[in-house]
Amino acid sequence: MSRMGSGPVNKRSKFGRKERIFGYSVIIPYVAYTAIFWGYPFVWMLILAFTKWNFFSKPRFVWFDNFLKMFTDKVFLQIILNTLNFLAYLIPMILISSLLFALALKKVKFGRTFIMLSFLVANVSSGVAYSLLFSNLFAVNGPVNRVFDALFGVTIPWFSNPQLAIFSICLIITWKFMGYYGLILYAGLQQIPQSLYEAAELDGANKKVLFWKITLPLINPSLVTVTVLAIMLTFGIFTEPYLITGGGPMQRTTTFMIYMYDTAFKRIDPSYATTVAVVTALLSYGLVTLIRKTFEREVSFV
Amino acid sequence: MKKFVSVTLLLVLMITAFSVKLTFWTAPNPYQEEFWKIMVTQWNKQRPDIQIEVQTIPAAGSSEEAILTALAAGNAPDFCENIFSGFGAQLADIGALYAFDNFGADFTKLVQTRKMTSIIDKWAINGKHYVFPIYSNPMLFWWRGDILKQLGYSNPPRTYSEIYDISKKFADGKKKFTMQVISGRNWWDRWYDFITYYYAATSGKSYIDTVKRKVNFGDATGKKISEFIYTMFQNKYTAVELGTNPFYDGTILGKITGPWEVNWAKETFPKVIPNIWISTPPVPDDYPKDKPVYTFADSKGLVIFSTCKDKKAAFEFISWVFSNAQNDALWIEKTQMPPAREDLTTNPVFAKYMEDKFFKAYSSNVAYAVPPALIDKTIDIQQAMTTYLVEPLMYLKGKPDDILNNAVKEINKILF
């Protein structure tokens, strides 16, 4: 650090003046960006979590009050359970569907790019737009239920039964992310040398053995990546339940994000919303660490 | 000549130096924007000493979000419209608003001129007026007159029993239901079902005692309403989910809505429109026949922030706009929403708008439309109403009386 200042020390710098100016000019945009859009909010977050503020008055220091409030907050507990419920559906659904997508993509001979792009369209479409689309599609008198009614004489309460509502939302999210996560797994599959399969086949391994003993263990890094991304995704679910179910029925689809948003801007309690955000971040970080510790294996192709 | 020029120049200089410049935020809605642009242009020409700049509330998740972040950042406008009365109460609670009562006699005079003496009562927050009501959308029921006629009725139903009576003839529990009883599962939906029914059954009594911080709807009327909702679901006269546009495809006969649906319905379902009957919300059987039926008002108003540079100047502009009934006529022309005044049906200025049956129905109920209870915990209370009252009634979880009592207990906990 001492070399940054001017003075005699500077003369001993191994870089010339021009080089130093160039160096700083390269890093300054990044440092400034980080300070403004990351550092400043981070400091504010810490201040908010330990104070009481209502957008208008001066923040009042309250020590750990916001954190203590969380222990008696029934809604917060309900949301933790909801999130686990979401994870229980979403992780298997998203892993299996994107793995199937990746495996199928490997088999495709023509138009692979076109198929990949088609699945990615879902990923880049507007959350608001497809949420409205799905809520109409799965409405009680919507097209999906009309088909069910015509074929089996029953209609399914997609968004009004608590478990079904969670399942339906997971279905929408799976639809959105299948293509993207599938590509990550596809890249993993591509890395496995063909010679491994050939050698195993010579040893008499059938397709089942090839999948369970070679493919699955060797795409472990990609699978863990996808799982970690999906966990972080689950902690950030907002648009779909906010627009389709409004967090109901029985508050079963209320997520951390919905709670933060409503608490900050509808209940006018940004301090508590920030505290919820901090704890949510820690929870998701903890879960991600746990998953990585348990499932991550080092894979190397010799 | 030289003297004249220099004097004029000096005057202009003085005016610009001493003139106030106020920022005014309006709803991000093209019709309302148009209205306010016309008003402000006229005003700015007349009053070079008080210049007003109109800006629409910046695009954000919601107007609330935009206003709160602006307050936090210290660049809030001087005054702002499109403030929902409940949000007004929250803003007043954090000390961000300036009460109109501070203008004393001038405010009283404005209220009288605009014919809103009884309306303004329901807008008081802790005894003071922080929100100046602009428009008031009474929530009314629309009924399928064509189908009701076929069933042998010449009027929309008025009481719960009349609704049961129609249901026995019409509802089959599968594809035909009498009406939408519950508006949805979001916290704000409670305004359009339980709270509306409560206002209707009690002549506009508040569902929450905001002074004692206690629930009012745990009374006999609340029981009748819970019973009604429960009966409708138990007999499959209504359903948890009714699908998209059930009213227009004939799945249901009646539903509650505001005037904002009129133009959309006219364009989308022109064939249904002529057959629509409009009524006030249903009431218990013993509700007096000659008494007017009250309803919920979805209404918005104008506030002056406590950070306003010149509050008196802002009020002068507000007075100027709302003292002239012609301006309210222009408002109707542009937005199709009934201004919050009691003389809409009697004042000749508005006569020509009364030819439209929808506008007429909505305006004649403005005087009986009550805004929500102005309390700081609206969202938590109504979330609890959803979880402990409406959802158990919908899913028939227990007896209606027990459900109501439990809900009252839970909500009192939040209030206290």
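Treat the numbers as computed from the prediction; the structure is a model and nothing was measured. Reckoned from all heavy atoms, side chains included, excluding hydrogens, waters and symmetry mates. Proteins come first, then strands; the chains are lettered A, B, ... in the order of their sequence lines, and each starts at number 1.
Under the side chain to side chain donor-acceptor pair (under 3.5 Å) criterion, A:Arg252 pairs with no residue at all, not counting sequence neighbours.
Distance check: A:Thr155 OG1 to B:Glu241 CD gives 9.0 Å after rounding to the nearest 0.5 Å. How far CD1 of A:Ile268 is from CG of B:Asp93: 8.0 Å, rounded to the nearest 0.5 Å. With values rounded to the nearest 0.5 angstrom, B:Glu64 atom CD is found 10.5 Å from A:Phe265 atom CZ.
Side chains of A:Lys266 and B:Phe87 form no contact here, defined as non-hydrogen atoms less than 4.5 Å apart. Residues A:Asp149 and B:Lys174 fail the side-chain proximity criterion, which asks for heavy atoms closer than 4.5 Å. Side-chain contact between B:Tyr395 and A:Met250 is present, with heavy atoms from C-beta onward closer than 4.5 Å. Side-chain contact between B:Arg185 and A:Gln251 is absent, with no heavy-atom pair separated by less than 4.5 Å.
Among all heavy-atom pairs drawn from A:Gly246 and B:Asn186, the shortest one is CA-OD1, 2.7 Å. Looking at every heavy atom in both residues, B:Thr244 comes nearest to A:Ala139 through OG1-CB, 3.5 Å.
In terms of heavy-atom pairs under 4.5 Å with chain A, the best-connected choice from B:Ile379, B:Asp189, B:Asp249 is B:Ile379. Among B:Gly86, B:Ala76, B:Gly95, B:Ala96, the residue making the largest number of heavy-atom pairs under 4.5 Å with chain A is B:Ala96. Options B:Val240, B:Leu242, B:Thr386 differ in how many heavy-atom pairs under 4.5 Å they form with chain A, and the most are formed by B:Leu242. For the set B:Leu68, B:Thr387, B:Ile67, B:Leu91, the count of heavy-atom pairs under 4.5 angstrom toward chain A peaks at B:Leu68. Most heavy-atom pairs under 4.5 Å with chain B: of the set A:Pro249, A:Gly142, A:Pro157, A:Gly247, this distinction falls to A:Pro249.
No more than 12 heavy atoms of other residues, nucleotides or ligands sit less than 6.0 Å from atom CZ of A:Phe64. The neighbour count for B:Lys309 NZ, taken as heavy atoms of other residues, nucleotides or ligands under 6.0 Å away, is above 12. Summarising the local packing, CZ of A:Phe61 is surrounded by more than 12 heavy atoms from other residues, nucleotides or ligands at distances under 6.0 Å. Around CG of B:Asn126, the count of heavy atoms belonging to other residues, nucleotides or ligands within 6.0 Å does not exceed 12. Counting non-hydrogen atoms of neighbouring residues, nucleotides and ligands closer than 6.0 angstrom, the CH2 atom of A:Trp63 reaches no more than 12 such neighbours.
Contacts from residues 38-58 of chain A to chain B, taken as heavy-atom pairs separated by less than 4.5 Å, involve A:Trp53, A:Asn54, A:Phe55, A:Phe56 in sequence order.
In this structure, chain A has no heavy atom under 4.5 Å from any part of B:Lys377. Contact of B:Thr378 with chain A is not made at all, since no heavy-atom distance falls under 4.5 Å.
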